[in-house]
Every structure is written in C-alpha cells, then in structure tokens.
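These figures come from a predicted structure and were not determined experimentally. Order of listing sets the numbers, starting from 1, for every ligand and every atom in it. We use all heavy atoms of the structure for the numbers below, so side chains are in, but hydrogens, waters and symmetry mates are not.
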Amino acid sequence: MTGTFRFSFGPWNIHEGADPFGPMVRDSIEFNKKIAVYKEMGFDGVQFHDDDAVPNMNDLSADQITKEAKTVKAKLEDHGLTPEFVAPRLWENEKTIDGGYTSNCPKCREYALERSKRTIDIAKALGTKNIVLWLAREGTYIREAKDSVRATEQIAEALQMMLDYDPEIRIMIESKPNEPMDHTYIPTIGHAIGLGLLTNAPERVGCLIESAHAILAGLDPSDEMGYSLAHKKLWSVHLNDQNGLKFDQDKSFGSVDLRRAFNQVRILDQHGFGNNGEWVGLDVKAMRTQKAEVATKHLSNSRTIFLKLLEISRSLDSDKINAMIAERDYEELDLYIMQSLLGR
Ligand code: 3MF
Ligand code: MG
C-alpha cells in the first residue's frame, strides 16, 4: 500500500518571530496575503484556529460569526484552497487562565463550551467537518488544584456536547504532555484515543499527532503514528522536529533527526495515510533570525524534505530488507537504511 499526500498548514506558521524573551522581528502579514502563497509553495489545505478565521469572534453574535466565516470560505475558494480543520483557541482569553473544560470556575467552563460551539459553526461555514482539540491548559501546575478523575470526565463531557451539537463533525485530539502546563491530562495519543471511548460516538473521535509533542513525551513519533493507525484513528498530523526535551520548538521537519523523520514518512506511506482524504499538516516555525522576504522557507523546505524521504522510502528494496529481517541481521539493516539516507 502507498499513501496519498496533500499538504496543509495554518496561518500561524507565517509569523512575526516573537518569543518569550523578545518582541516581533517581522511585520504581520494579513490573512489575504498569506493565503496567496499556499499554492505557490505546493500546499492545498488550510488549518484554522477559530479566530484565525473570525478574529474578533468574542465580540460577535453566532450569526455574525457564521456570516464572517462564509466570507473566508469565499476567499479560500478564490485561491483553490480547502479548509482542513478548525480548532477552538482555548488558551489566550482571561477566562481560560485555569483551563477550558477543566477550569475550576463554572462560568469559565461555560465560556469554553460556548466557544467550542462557535468553532463548530465556523467549521460548518468554511466547509469542513474536522474539529481539532489541542487541550492546551487542561492540566495542572500543581496536582492538588484539580481532581484528575473529574477533569477527565469534564473533557469527555465537552467532547460529547460537541458531538451532539453537530452530528456531522468529527473530533481529532492533539495530545501534548506539557507546555503551557506542567502536566496535561491528555499527554499521549493513547490517552487521546481512550478519551473517545468515554463518549457515545467513539467512531467520531480520532487524533492528530504532532511529531514534537510525541518527542516531548519521550516517545518516537512514528510509533505513536503506528499505534493510532492500528486503531484507524490517525486523521491528521503536525509534522515538525524537536531538539530534545525543551520547549516546543516546531523546527522544520527532519531538520534535527532525519532518520526519525524518515520513519514517520515510511509508516504513513506504508499504511495508506491520505487515502481517505487525510492531510499532511506541517506545524513549523521560521527561525527568529529569518528575514521577512524569506520567512516561508521553513514550510516549503519541510515539504521538500518530506517528499525526498518519501522517494528514499519507496526506493528501498523490500526483498533485501525482508531477507535481513529473516536472518535477524539488524546491523546490516541499520547500515542499509543509513546508506540510503546518505544517498549511498
Ligand atoms: C501547540 C501546537 C498548536 C496546535 C494548534 C492546533 C500552534 O503546541 O502545536 O499549534 O497544533 O493550536 O491545535
Ligand atoms: Mg501543533
């Protein structure tokens, strides 16, 4: 089996280069200008946070939000772009200081649920059934602040509310072990898949794997992908790279560990990722040092690296590999893979 690969990214991946220790170093680029560069770089899909589509949504009524989102849909159509998913941004507003669905404040939890409904309205208006939940602040800085049983139930209840609100949508959980929280409640893809089982429609709950998030959990991203592929739950990915256990770096795909990237491409290809319309999302950040005119290279480079690794993966001699496996000569297999990555 081979996969089918179409590429997507979110407008936040073309950014101003601010970090926690310094301000913006590049001017903001308006949404219209951003969507004009997708096709040129070989991307056909756009990922959204709810407020990437409707920036001032907290000041608008539900009807106004839908109306606004429809104008965005028209802009996408002008450029021949497809919306991949919409994700509620539940980590910036003051009402999400203590979390969204697991906040200890009932009014804040209500805000998170209402905002999630508006996200679904936006997805509907844009023309996608995919909702992504990165559960950014659903966790603790100190354990005693929340009850982990109740918190898990609250997240599952939020999923159920969304599944009931629109019977067409499906939800992809994006796990991440830490940052901004010390510990999150959904740190790995196994947790994400398990969460679906607490709803009455697990077939509508899948996952999105981000390479760096798996690495931050001390796991190999390709094995996380394998686990979710075996469950038929891998509905999207955020490919990138990560230099050890630091903050979430979102480095260009393959730029730290080429072999780790190769194994992600290989597992996706060998198990037909994309054949049901799944997208290869890239969640990468430009280096702060990058000048404005060339601050999209991290995206096009990541795609190029993916396609090169795909070529290498497809060029491997599977009879040769099978013979080495049958002989249990994994040293020889190791060299064969390394030589292939080195261009022999
Ligand atoms: C956080 C992330 C986010 C999510 C995005 C969609 C900026 O570590 O990776 O990307 O992927 O919010 O859920
Ligand atoms: Mg991400």
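- At a threshold of 4.0 Å, the pair Arg260-Asp220 does not count as salt-bridged, since none of the basic side-chain nitrogens sits closer than that to a carboxylate oxygen.
- Among Lys251, His213, Glu210, the one residue that satisfies the side-chain hydrogen bond (donor to acceptor under 3.5 Å, both in side chains) test with Asn240 is Glu210.
- Around the Mg ion (ligand 2), the protein atoms of type N, O or S found under 2.8 Å away are Glu174 OE2, Glu210 OE1, His238 ND1, Asp283 OD2, listed by chain and number.
- Between Tyr38 and Phe9, the ring planes lie parallel to each other; the angle is under 30°, not in the 30° to 60° tilted range.
- Interface of Trp91 with ligand 1, defined as ligand atoms under 4.0 Å from a residue heavy atom, comprises 12 (O).
- Against a heavy-atom cut-off of under 4.0 Å, Asp283 is close to the following atoms of ligand 1: 2 (C), 3 (C), 7 (C), 9 (O), 10 (O), 11 (O).
- In summary, the atoms of ligand 1 found under 4.0 Å from a heavy atom of His238, numbered by their order in the structure, are 11 (O).
- Taking only nitrogen or oxygen atoms, main chain and side chain alike, Lys176 reaches within less than 3.5 Å of ligand 1.
- The pair Asp98-Arg137 fails the salt-bridge criterion, with no side-chain N (NZ, NE, NH1 or NH2) lying under 4.0 Å from an Asp/Glu carboxylate O.
- Here Arg118 pairs with Glu114 in a salt bridge; the nearest charged N to carboxylate O distance falls below 4.0 Å.
- For a threshold of 3.5 Å applied to N or O pairs, the pair formed by Lys285 and ligand 1 contains no separation below that value.
- A salt bridge links Asp250 with Lys285; the closest basic N to acidic carboxylate O contact falls under 4.0 Å.
- The ligand atoms of ligand 1 that sit less than 4.0 angstrom from a heavy atom of Val132 are 13 (O).
- A donor atom on one side chain and an acceptor atom on the other are found under 3.5 Å apart for His49 and Asp52.
- Ring-plane geometry between Phe306 and Phe253 is classed as tilted, the angle between the planes lying from 30 to 60 degrees on a 0 to 90 degree scale.
- Closest protein heavy atom to atom 7 (C) of ligand 1: Trp12 NE1, 3.3 Å.
- Using 4.0 Å as the threshold, His213 has a heavy atom nearer than that to some atom of ligand 1.
- At a threshold of 4.0 Å, the pair Arg6-Glu84 does not count as salt-bridged, since none of the basic side-chain nitrogens sits closer than that to a carboxylate oxygen.
- For the residues His15, His49, Arg89, Glu174, the heavy atom positioned nearest atom 11 (O) of ligand 1 is part of Glu174.
- At a 4.0 Å heavy-atom cut-off, ligand 1 does not touch Glu179 at all.
- Glu311 and Arg314 are not joined by a salt bridge, as no carboxylate oxygen comes within less than 4.0 angstrom of a charged side-chain nitrogen.
- For the residue pair Glu224 / Thr188, no side-chain donor-acceptor distance below 3.5 Å is found, with atom types taken as modelled.
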